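In what follows, a single structure is set out as structure tokens and then discussed.
Model, not experiment: these values are computed from the prediction.
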Amino acid sequence: MTLRPILIHPDPRLKAVTAPVAEINDDVRRLADDMLETMYDAPGIGLAAPQIGVMSRVLVMDAVKEEGASPRPMALINPEIIWSSEETNVYEEGCLSIPEQYGEITRPAEVKVRWTGLDGEPVEEQFDGLWATCVQHEIDHLNGKLFIDYLKPLKRQMITRKMQKLKRELAREAE
């Protein structure tokens with residue numbers, strides 16, 4: 001497993017729609033392993049392939065937050081939301097590609113998602129709470145959408161300027 005660098009907004013790859021995965025093979029399984037390791041190291045609860053510059057419909061997540069609870073790492077290939085509740089939840093969301101910036105985002109409280117597992121088999125599961133928020137946030141990444149796109153324009157511009165400044169600082173440090 002390899003830690004992969006996480007792209008920082010603004011980056012055009014974070015705004016692009018990703019391509020479906022045609023075949024589950026060792027490369028896809030290795031990608032999922034690398035993504036999980038990168039996500040846990042960050043630390044985060046979800047990571048989508050475009051965040052590491054891979055333009056494929058792959059996401060990983062583990063929204064287990066309870067102290068002492070066993071982790072539940074998941075890799076979802078070609079995920080799609082097939083049902084959403086009318087009831088909504090508001091969570092303060094953040095993103096590994098937009099470090100230390102947060103916004104209150106309203107999303108459906110429950111969603112049913114269909115995807116292909118790493119074994120090539122179809123999977124369906126209904127998510128609620130933090131899991132539902134996480135899977136919707138990560139599927140948005142696969143569609144070129146960021147959580148800040150839900151915010152008012154002024155707040156979104158302010159966060160984008162902070163990220164541009166952070167990227168300049170990181171580039172100077174790397175020299």
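For CD of E100, the number of neighbouring non-hydrogen atoms (other residues, nucleotides, ligands) closer than 6.0 Å is 12 at most.
Applying the side-chain hydrogen bond (donor to acceptor under 3.5 Å, both in side chains) test to K155 and every residue at least two apart in sequence or in another chain returns nothing. Remark: D33 engages no residue in a salt bridge (charged side-chain N to carboxylate O under 4.0 Å, His left out) (not counting sequence neighbours).
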Applying side chain to side chain contact (heavy atoms under 4.5 Å, CB included), run through K165 and K162 and close with a yes or a no. CA-CA 5 Å; K165 182 179 176 199; K162 285 180 182 175; 5.7 Å; no
Quick one: do W115 and E124 satisfy side chain to side chain contact (heavy atoms under 4.5 Å, CB included)? Show the steps, please. CA-CA 7 Å; W115 71 92; E124 271 186 25; over 6 Å; no
Would R4 and T38 count as a side-chain hydrogen bond (donor to acceptor under 3.5 Å, both in side chains) here? Give the steps. CA-CA 6 Å; R4 306 264 194 119; T38 302; over 6 Å; no
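In plain terms, the two heavy atoms of P108 and A132 that are nearest each other are O-CB, 4.4 Å. Here the closest non-hydrogen pair linking V123 and G117 is CG2-N, 4.1 Å. Closest non-hydrogen pair, M61 versus W131, comes out as CE-CE3, 3.6 Å. In terms of heavy-atom proximity, G46 sits nearest to C134 at CA-SG, 4.0 Å. Closest heavy-atom contact between S56 and L142: O-CD2, 3.7 Å. Annotation for P71 and D62: closest pair CB-OD2, 3.2 Å, computed over non-hydrogen atoms.
Rounded to the nearest 0.5 Å, atoms NE2 (H137) and SG (C95) are 4.0 Å apart. Put simply, CD on Q136 and CG on N89 are 9.5 Å apart, with the number rounded to the nearest 0.5 Å. Taking CD1 from I82 and CD from Q126, the interatomic distance works out to 9.0 Å, rounded to the nearest 0.5 Å. To the nearest 0.5 Å, the span separating NZ on K145 from CD1 on I139 amounts to 13.0 Å. Here E37 contributes atom CD and T2 contributes atom OG1; the two are 7.0 Å apart, rounded to the nearest 0.5 Å.
Two residues are said to be in side-chain contact when any heavy atoms from C-beta on lie closer than 4.5 Å; D27 and R29 fail this criterion. A 4.5 Å side-chain heavy-atom check between S85 and V111 finds every atom pair outside the cut-off.
Note on residues 71-97: pairs passing salt bridge (charged side-chain N to carboxylate O under 4.0 Å, His left out), not counting sequence neighbours, are R72-E125, E80-R114, E93-R107.
In this structure, Y91 shares a hydrophobic cluster with I45, L130, the cluster being traced through Ile, Leu, Val, Met, Phe, Trp and Tyr side chains under 4.5 angstrom apart. Other residues sharing a hydrophobic cluster with V21 under the 4.5 Å side-chain heavy-atom criterion for ILVMFWY residues are I6, I24, V28, L31, M35, L36, M39, Y40, L47, I52, V54, V58, V60, I77, L96, L118. With side-chain heavy atoms closer than 4.5 Å counting as contact, directly or through intermediates, the hydrophobic cluster containing L170 also holds L7, I8, L14, I98, I105, L146, F147, I148, Y150, L151, I159, M163, L166.
Between the side chains of N143 and R57, at least one donor N or O lies within less than 3.5 Å of an accepting N or O.
N78 contributes no side-chain N or O that, together with a main-chain N or O of T116, makes up a donor-acceptor pair within less than 3.5 Å. Distance alone, capped at 3.5 Å, places no donor-acceptor pair between the T18 side chain and the M55 backbone.
V113 and V17 are not part of a single hydrophobic cluster, where members link through side-chain heavy atoms under 4.5 Å apart.
Tested against S97 for a side chain to side chain donor-acceptor pair (under 3.5 Å), the candidates R13, Q51, H9 yield a single pass: Q51.
With respect to the salt-bridge test (charged N to carboxylate O, under 4.0 angstrom), the residues K15 and D149 qualify.
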